[in-house]
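Whatever order the structure lists them in is the order used to number ligands and atoms, beginning at 1.
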Amino acid sequence: MLRYLPVRRVHARQVLDSRGNPTVEVEVTVGEGVIGINGYTGRAMVPSGASTGKFEAVELRDGEKGNYGGLSVHRAVENVNTRLAEAILGENALNQRFIDHKIIETDGTDNKNSVGANAALGVSMAVARAAAAALRIPLYQYMGGCHTGRMPVPMMNILNGGRHADNTVDMQEFMIMPAGASNMEEAIRMCGEIYQCLKIILKQKKLSTAVGDEGGFAPDLEDSEKVLELIMEAVKKAGYEPGKDIYIAIDAAASELYDKDRNAYVFPGESLMKGKEILRDSEQMIEYYERLLDQFPIVSIEDGLEEDDWEGWKKLTKYLGARVQLVGDDLFVTNIKRLSCGIRQKAANAILVKVNQIGTLSEALDAVEMAQKSGYRVVISHRSGETEDSFIADLAVATGAGQIKTGAPCRSDRNAKYNQLLRIHEELGELEIYENPFV
Ligand SMILES: C=C(OP(=O)(O)O)C(=O)O
Ligand SMILES: [Mg+2]
């Protein structure tokens with residue numbers, strides 16, 4: 001029986017992400033024999049956010065001494081090749097929690113600012129991949145266990161705004177959810193068809209079909225209502241019924257809109273398009289969401305308020321929590337300390353899980369477990385800066401999260417995840433579970 005699988009080699013290098021910025025790639029080789037003969041290698045690439053929460057673990061970049069305008073990650077790469085390698089060489093790759101403990105101990109800070117969350121995560125994910133490879137089982141099964149079979153409903157971001165695009169749309173993400181599909185393949189097909197219909201509609205209306213960071217279209221539009229009307233049109237044009245086959249999810253990314261000095265959320269694009277300044281305070285934001293819920297089949301609102309406004313989040317949850325999923329992204333940053341604070345206060349009712357917000361796989365899994373035990377829903381998520389690594393597709397299946405947010409179906413960094421889900425769909429066959437999380 002294989003109980004001890006020693007880490008034999010740890011190696012990192014700098015590669016590029018989907019925004020053309022440097023990121024960390026790590027390879028970990030495990031096994032008894034000579035490297036390359038009896039060893040198994042796992043490789044992982046680390047994503048990167050643009051609208052990062054201020055409580056996230058720290059992504060280490062080189063700054064003034066680096067290149068790529070300071071964005072290079074040579075220091076993080078060096079930390080993998082020296083400090084983290086020393087810490088885990090010879091340790092058992094089958095004990096992910098112990099490996100992650102060694103990573104956390106080596107870093108020694110609260111927010112991974114010593115080795116860098118990018119260095120930490122690259123090692124953590126690569127170890128999991130190598131272990132799964134050595135056991136010759138799929139990654140989702142290694143992380144999720146023998147009963148794994150629940151596929152995630154995609155939250156597919158087809159219209160980008162906020163920090164992810166240079167248009168006048170202030171809210172960051174407008175997503176479609178094929179809750180009416182019967183399996184993963186159908187879900188991805190429905191979304192893909194709607195995406196193409198949206199492109200045709202935008203073209204007909206002489207609106208831009210250029211895309212934002214996550215591959216969603218990024219035209220200049222007046223306000224969120226206009227965005228949602230266009231999406232409704234695209235859903236119908238593709239032959240689907242809004243509110244039955246397709247639901248809507250929004251990521252307001254409100255921390256990015258919040259102006260502390262004015263204690264209000266500023267909508268610069270809407271202000272520009274309407275020729276007057278549009279500001280909303282916390283209460284007005286809640287009223288605004290309520291109006292949108294009355295008009296459109298929205299089932300999920302992420303980061304509806306900013307990351308420090310616990311009182312606002314409590315109110316938001318009290319007023320709208322029974323009606324809609326309220327997802328904490330910047331609010332929780334995949335951190336069990338912040339999540340338990342939210343659970344205690346009844347703030348939000350779901351968590352967005354981004355592995356690089358916390359920096360190790362075990363800590364991300366702890367956040368998923370805490371949420372699920374507390375009746376909070378879970379959405380596994382990509383970052384706006386992504387790579388061809390499809391790790392989160394396996395993670396979404398492994399955790400049975402039921403939802404995945406991983407962008408539009410038109411860029412290889414996003415399709416890496418959808419294509420992996422299609423492979424898992426094929427592998428699971430009739431045993432696949434695909435359910436509408438909102439019934
Ligand atoms: C994916 C997101 O964006 P970023 O990666 O820029 O934080 C998000 O805010 O949910
Ligand atoms: Mg978000």
- Task: Using modelled atom types only, decide if a donor and an acceptor are shared between the side chain of Arg163 and the backbone of Thr52 within a distance under 3.5 Å.
- Result: no
Just by distance, do the side chain of Asn356 and the backbone of Pro47 share a donor-acceptor pair under 3.5 Å?
yes
Please determine whether any non-hydrogen atom of [X] lies less than 4.0 Å from an atom of ligand 1.
X	value
His382	yes
Ala253	no
Leu352	yes

Starting from [atom], which protein heavy atom do you reach first, and at what distance in Å?
atom	value
atom 3 (O) of ligand 1	His164 CE1, 3.1 Å
atom 8 (C) of ligand 1	Lys354 NZ, 3.0 Å
atom 10 (O) of ligand 1	Lys405 NZ, 2.5 Å
atom 1 (C) of ligand 1	Glu214 OE2, 3.3 Å
atom 7 (O) of ligand 1	Arg383 NH2, 2.7 Å

Q) Based purely on interatomic distance, does Ser48 place a nitrogen or oxygen under 3.5 Å from a nitrogen or oxygen of ligand 1? A) no
Query raised in the report: Taking distance alone, with no angle check, do Gln172 and ligand 1 share an N/O pair under 3.5 Å?
Result: yes
Quick one: are [X] and [Y] in side-chain contact, heavy atoms under 4.5 Å?
X	Y	result
His382	Lys405	yes
Leu84	Val10	no
Asn118	Val73	yes
Asp17	Glu386	no

If you count the atoms of ligand 1 from 1 in the order shown, which ones are under 4.0 Å from a heavy atom of [X]?
X	value
Gly49	4 (P), 5 (O), 6 (O)
Glu173	1 (C), 2 (C), 8 (C), 9 (O), 10 (O)
Asp329	8 (C), 9 (O), 10 (O)

Practice prompt. Determine, for Phe55 and Arg338, whether the Lys NZ or Arg CZ falls below 6.0 Å from the six-membered ring centre while staying within 45 degrees of the axis.
Written response: yes
Logged contact type for Glu302 with ligand 1, heavy-atom cut-off 4.0 Å, is side chain
Under 4.0 Å between heavy atoms, the region of Asp251 that gets near ligand 1 turns out to be side chain
One should read off an interatomic distance between Met125 CE and Asp100 CG, to the nearest 0.5 angstrom, of 11.0 Å
Nearest heavy-atom contact between Ala253 and Gln172 is CB-OE1, 3.3 Å
Checking distances from the Mg ion (ligand 2), one finds that the N, O or S atom of Asp251 closest to it is OD2
To the Mg ion (ligand 2), the closest N, O or S atom belonging to Asp329 is OD2
Aromatic plane relationship, Tyr288 with Phe267 - under 30° parallel, 30 to 60° tilted, over 60° perpendicular:
perpendicular
Whether Phe332 and Trp310 hold their rings parallel, tilted or perpendicular, with breakpoints at 30° and 60°
tilted
Is the distance from the Mg ion (ligand 2) to the nearest N/O/S atom of [X] under 2.8 Å?
X	result
Glu302	yes
Asp330	no
Asp303	no

message = Apply side-chain hydrogen bond (donor to acceptor under 3.5 Å, both in side chains) to residues Asn160 and Glu214 and explain how you reach the verdict.
response = CA-CA 7 Å; Asn160 293 188; Glu214 298 182 354; 5.1 Å; no
